[in-house]
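Encoded as structure tokens, the structure appears first; notes follow it.
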Amino acid sequence: IRSKFSKLYDPSSFSNPSEVKAEHLNLKLSVDFERKIVTGIAIYSVKVLKADANVVVLDTSTLVINKVEIDDQPATFKLRVEHKIFGSALEIVLPNDKKVDDYFRV
């Protein structure tokens, strides 16, 4: 699979690391063993590498995503149809006023 957003080729990823780089992940999880459910929050620190980057694409699998925020503001996102092996691409629209080397909390 080749990401339509990236010039780099990674056959196991939908991400766009040549445009936006995830530099840090803060993960807060709760596990309900009786119900077999994991809930939580993932906060990424991402850096814009290209001025024409419009989205950050993250790889996911079997997730229910209730909301996405960029710097504590609601963000537009789309969870793509799941591929049975590679999961789903989570596409998050970046702010229009972004610049190269900007950082965002997603």
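Bear in mind that the values here come from a model prediction, so they are computed numbers and not experimental data.
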Roughly how far, to the nearest 0.5 Å, is CG of Asp59 from CZ of Phe14? 7.0 Å

Quiz: residues 29-37 side-chain donor-acceptor pairs under 3.5 angstrom, not counting sequence neighbours:
| residue | atom | partner | partner atom | Å |
| --- | --- | --- | --- | --- |
| Asp32 | OD1 | Glu34 | N | 3.2 |
| Asp32 | OD1 | Arg35 | N | 3.0 |

d(Asn66 CG, Ile41 CD1) to nearest 0.5 Å is 10.5 Å

Of all heavy-atom pairs linking Lys50 and Val100, the shortest is C-CG2, 3.7 Å

Name the one of Leu94, Leu49, Val106 that satisfies side chain to side chain contact (heavy atoms under 4.5 Å, CB included) with Val20? Leu94

Between atom CG of Asp72 and atom CZ of Phe104, what is the distance when rounded to the nearest 0.5 Å? 13.0 Å

Measure the CG-CG distance between Leu90 and Leu63 for me, rounded to the nearest 0.5 Å. 8.5 Å

Do Ile92 and Leu79 share a hydrophobic cluster (ILVMFWY, side-chain heavy atoms under 4.5 Å, transitive)? yes

For side-chain contact (heavy atoms from CB on, under 4.5 Å), just list the numbers for Asn54 and Lys98, CA-CA rounded to whole Å, side-chain angles, deciding distance to a tenth of an Å, and then say yes or no. CA-CA 9 Å; Asn54 296 316; Lys98 73 192 164 320; 4.0 Å; yes

Please report the shortest heavy-atom distance between Val46 and Ala22, naming the atom on each side. CG1-CA, 4.0 Å

To the nearest 0.5 Å, atom OG1 of Thr62 lies from atom CD of Glu82 at 6.0 Å

When rounded to the nearest 0.5 angstrom, what distance separates OG in Ser13 from CZ in Phe86? 9.5 Å

